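Shown next, in structure tokens, is the structure this report addresses.
Predicted, not measured: the structure shown is a model, and the values here were computed from it.
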Amino acid sequence: MELLLLLGIPALIVWGIVFVRFAGIAGCLVAVLLAGTVVGHPFFHISAITLDRLILGGCIALFLGFQIRGWNQPRKWVAADLLFGFFIMAMVLTTVVHRSPGDAVGPYSKLIFFFLLPAIMYLIGGQVTLSSNQLKSVYCAFAALGVYLALTAAAEKLNLQWAIFPKYIADPAYEEFLGRGRGPLLNPAANGILMTLALVCGLMPVLWYGGIQRAFVIAIVPIYLVGIVCTMTRSVWLGCLAVIVGVAVVVIPRNWRLPMTMTVLGLASMAWFFDAQSMLSSFKRDRNVSVEQMRESASLRPILAMVAWKMFQDHPLLGCGTDQYLSKSKTYLSDRNSELPLEKARPYVQHNMFLAMLVENGLIAVMPFCLLLGIWSFWSWKLWQAQNLSLEYRQLGVVSLTFLISYAINGMFHDVLIFPMINMYLFFIAGITRNCAIHLAPRHKPQTMTGRGRAFTPSAYSNSFGGAGTSC
């Protein structure tokens with residue numbers, strides 16, 4: 001085995017050089033995301049070392065080498081970057097100043113793996129320049145990942161063990177969410193967020209090609225929708241619906257919007273009419289959890305919100321400390337003066353990312369975080385409206401904005417801050433969007449994309465839909 005590893009190292013180095021040559025640092029960052037999603041910690045780890053973290057270390061070394069050699073043009077920092085730095089420092093401060101009564105490693109692990117490492121993705125992503133072909137490769141990589149996640153989610157729901165890889169996804173030892181499309185991240189909401197991202201990325205080639213190629217791209221869309229349904233998670237469904245409507249509003253020409261809106265509303269009304277009871281109440285989702293248990297879990301949200309409010313009143317600025325909600329909420333859950341069954345909420349974390357951050361990290365962290373989400377949304381919209389950019393760059397604005405919509409909607413019902421890899425995607429997409437919106441949009445010249453025998457520019461896109469403009 002050692003001999004095979006030694007023989008494989010030179011081949012890996014050669015192929016790594018070839019990959020960096022064609023994909024650049026941005027391609028390596030995408031490799032971090034794909035590796036962390038498909039073959040992450042549950043699949044392979046040595047202590048805290050995983051494959052994606054090794055690749056991220058290589059990305060850091062490459063970036064520093066490129067900067068030293070002058071191969072990467074440095075980008076100016078803007079006020080939003082300072083706000084991002086303040087947010088990260090606030091997370092560090094609220095982790096350090098609070099003494100952990102239990103596991104001293106937990107708060108620092110959460111800080112490092114869910115905020116500091118994703119911050120590296122933002123810092124490097126915001127400093128590298130992506131060509132139009134590299135952006136197309138990013139979209140295709142995410143779209144291909146989504147096909148894998150969707151097919152795996154369907155196999156999980158149908159209990160097709162042979163079709164599931166990695167095998168730990170169907171392992172009963174990981175009991176939570178078993179029987180739903182939880183994917184390699186072992187969480188159906190996180191899986192749904194990534195499949196929604198893949199759905200949007202999978203739609204981007206529709207504007208690059210025509211004829212059979214465009215029909216093939218459209219034919220893949222139902223695969224994503226099946227996977228999203230198999231998550232059996234209503235927040236994912238809601239986020240996906242919002243994203244589809246958002247793409248329709250942003251991309252589809254004006255004369256198509258009313259029919260499309262009426263169609264979506266009609267289908268949603270029919271689904272509500274025929275299955276309103278199931279949508280309003282809990283239904284059978286997890287293999288080992290009854291409907292009654294699901295209903296009881298859903299009823300905890302008012303209790304968790306009340307506890308969060310009381311904890312915020314006592315610690316408004318710095319919160320109670322990173323990853324310390326479960327230990328420090330015990331006092332509030334023991335209140336005998338409340339009419340609510342507080343004890344039922346004792347083993348649960350907050351089911352809302354904004355409340356979770358507010359309780360653990362206070363206003364000093366949640367306010368800049370909300371501002372950043374707003375700024376990143378503005379950059380995304382600005383990028384789509386930049387008519388002087390080629391279509392691939394403008395499409396990044398659509399991808400970024402719809403990802404933020406899905407992230408925020410799911411964050412209203414789950415603490416997505418603790419979902420594996422999700423913040424890595426968020427900060428990476430925010431970084432490359434920042435770079436394009438701030439440094440490319442004001443000066444970039446339009447480029448012509450070619451499909452098979454045809455030119456495709458933003459103006460051609462307008463003409464292909466009967467002359468309707470792309471500005472919204």
Side-chain angles (χ1 to χ4, degrees), residues 30-31 33-45 50-52 139-203 216-241 243-244 271 275 278-279 282-291 293-294 297 403 406 410 413-414 416 419-422 424-425:
V30 173
L33 299 175
L34 299 182
T37 302
V38 180
V39 288
H41 187 275
F43 181 81
F44 165 79
H45 68 276
T50 59
L51 182 59
D52 57 300
Y139 303 148
C140 292
F142 287 161
L145 173 66
V147 172
Y148 155 74
L149 294 176
L151 294 176
T152 303
E156 288 182 81
K157 184 61 182 172
L158 298 174
N159 198 23
L160 303 177
Q161 303 282 343
W162 58 269
I164 299 174
F165 176 84
K167 293 301 181 183
Y168 71 81
I169 297 175
D171 190 347
Y174 299 97
E175 185 178 7
E176 191 173 22
F177 309 122
L178 183 64
R180 296 159 71 176
R182 57 184 183 174
L185 297 180
L186 299 178
N187 187 293
N191 201 30
I193 292 173
L194 295 188
M195 283 190 285
T196 303
L197 169 65
L199 169 64
V200 178
C201 290
L203 285 171
F216 175 77
V217 171
I218 295 175
I220 298 177
V221 171
I223 298 177
Y224 300 121
L225 297 179
V226 168
I228 288 169
V229 170
C230 288
T231 63
M232 304 303 291
T233 304
R234 285 167 290 196
S235 65
V236 171
W237 300 343
L238 182 62
C240 179
L241 179 62
V243 162
I244 292 174
D275 206 16
S278 176
M279 295 296 292
S282 296
F283 52 95
K284 179 68 174 177
R285 293 183 286 181
D286 295 10
R287 188 176 302 166
N288 299 327
V289 180
S290 66
V291 175
Q293 289 173 312
M294 299 297 294
S297 175
F403 182 76
S406 176
N410 282 277
F413 302 93
H414 310 276
V416 300
F419 287 176
M421 296 305 298
I422 297 301
M424 298 284 279
Y425 282 87

Might you point out which heavy atoms bring Cys230 and Ala153 nearest each other, and give the distance in Å?
CB-O, 3.8 Å
Please list, one pair per line, the donor and acceptor atoms closer than 3.5 Å that link side chains of residues 141-149 to other protein atoms, with sequence neighbours excluded.
unit_1: Tyr148; atom_1: OH; unit_2: Phe165; atom_2: O; d: 2.5

Checking the side chain of Glu156 only, and the main-chain atoms of Ile164 only, is there a donor and an acceptor separated by less than 3.5 Å?
no
Quick check against the 3.5 Å criterion: does Arg182 have a side-chain atom that pairs as donor or acceptor with the backbone of Asn191?
no
Look at atom CZ of Phe44 and say whether more than 12 heavy atoms of other residues, nucleotides or ligands are closer to it than 6.0 Å.
yes
Got a sec, which residues hit side-chain contact (heavy atoms from CB on, under 4.5 Å) with Ala35, two or more places apart in sequence or on another chain?
Val39, Leu51, Asp52, Ile55
Residues at least two apart in sequence or cross-chain that pass side-chain contact (heavy atoms from CB on, under 4.5 Å) with Val243, listed by chain then number, are Thr196, Val200, Val247, Thr402, Ile405, Ser406
To the nearest 0.5 Å, what is the distance between CD1 on Ile228 and CD1 on Ile223?
12.0 Å
Can you tell me how far the CG atom of Asn187 sits from the CZ atom of Arg180, to the nearest 0.5 Å?
8.0 Å
For residues Phe43 and Pro166, report the shortest heavy-atom separation together with the two atoms involved.
CD1-CB, 3.6 Å
Could I get the full list of side chain to side chain donor-acceptor pair (under 3.5 Å) partners for Tyr139, not counting sequence neighbours?
none
Pairwise distance CG(Asn410) to CD1(Ile422) - rounded to 0.5 angstrom:
8.5 Å
Tell me, please, which residues at least two apart from Thr152 pass side chain to side chain donor-acceptor pair (under 3.5 Å).
none
Keeping the roles fixed (side chain from Tyr224, backbone from Leu197), state whether a donor-acceptor pair exists under 3.5 Å.
no
Minimum heavy-atom distance between Gly181 and Thr231, given as atom pair plus value:
O-CG2, 3.6 Å
When rounded to the nearest 0.5 angstrom, what is the spacing between NE2 in His414 and OG1 in Thr233?
6.0 Å
Under 3.5 Å, is there a donor-acceptor pair between the side chain of Lys157 and the main chain of Gly227?
no
Distance-minimising heavy-atom pair for Phe413 and Leu238
CE1-CD2, 4.2 Å
When every non-hydrogen atom of Leu34 is compared with those of Tyr425, the smallest separation belongs to N-OH, 4.3 Å
Could you work out, with side-chain contact (heavy atoms from CB on, under 4.5 Å) as the rule, every residue matching Leu225, not counting sequence neighbours?
Leu199, Val221, Cys240, Ile244
In terms of heavy-atom contacts, Leu186 and Tyr174 come closest through CD1-CD2, 3.5 Å
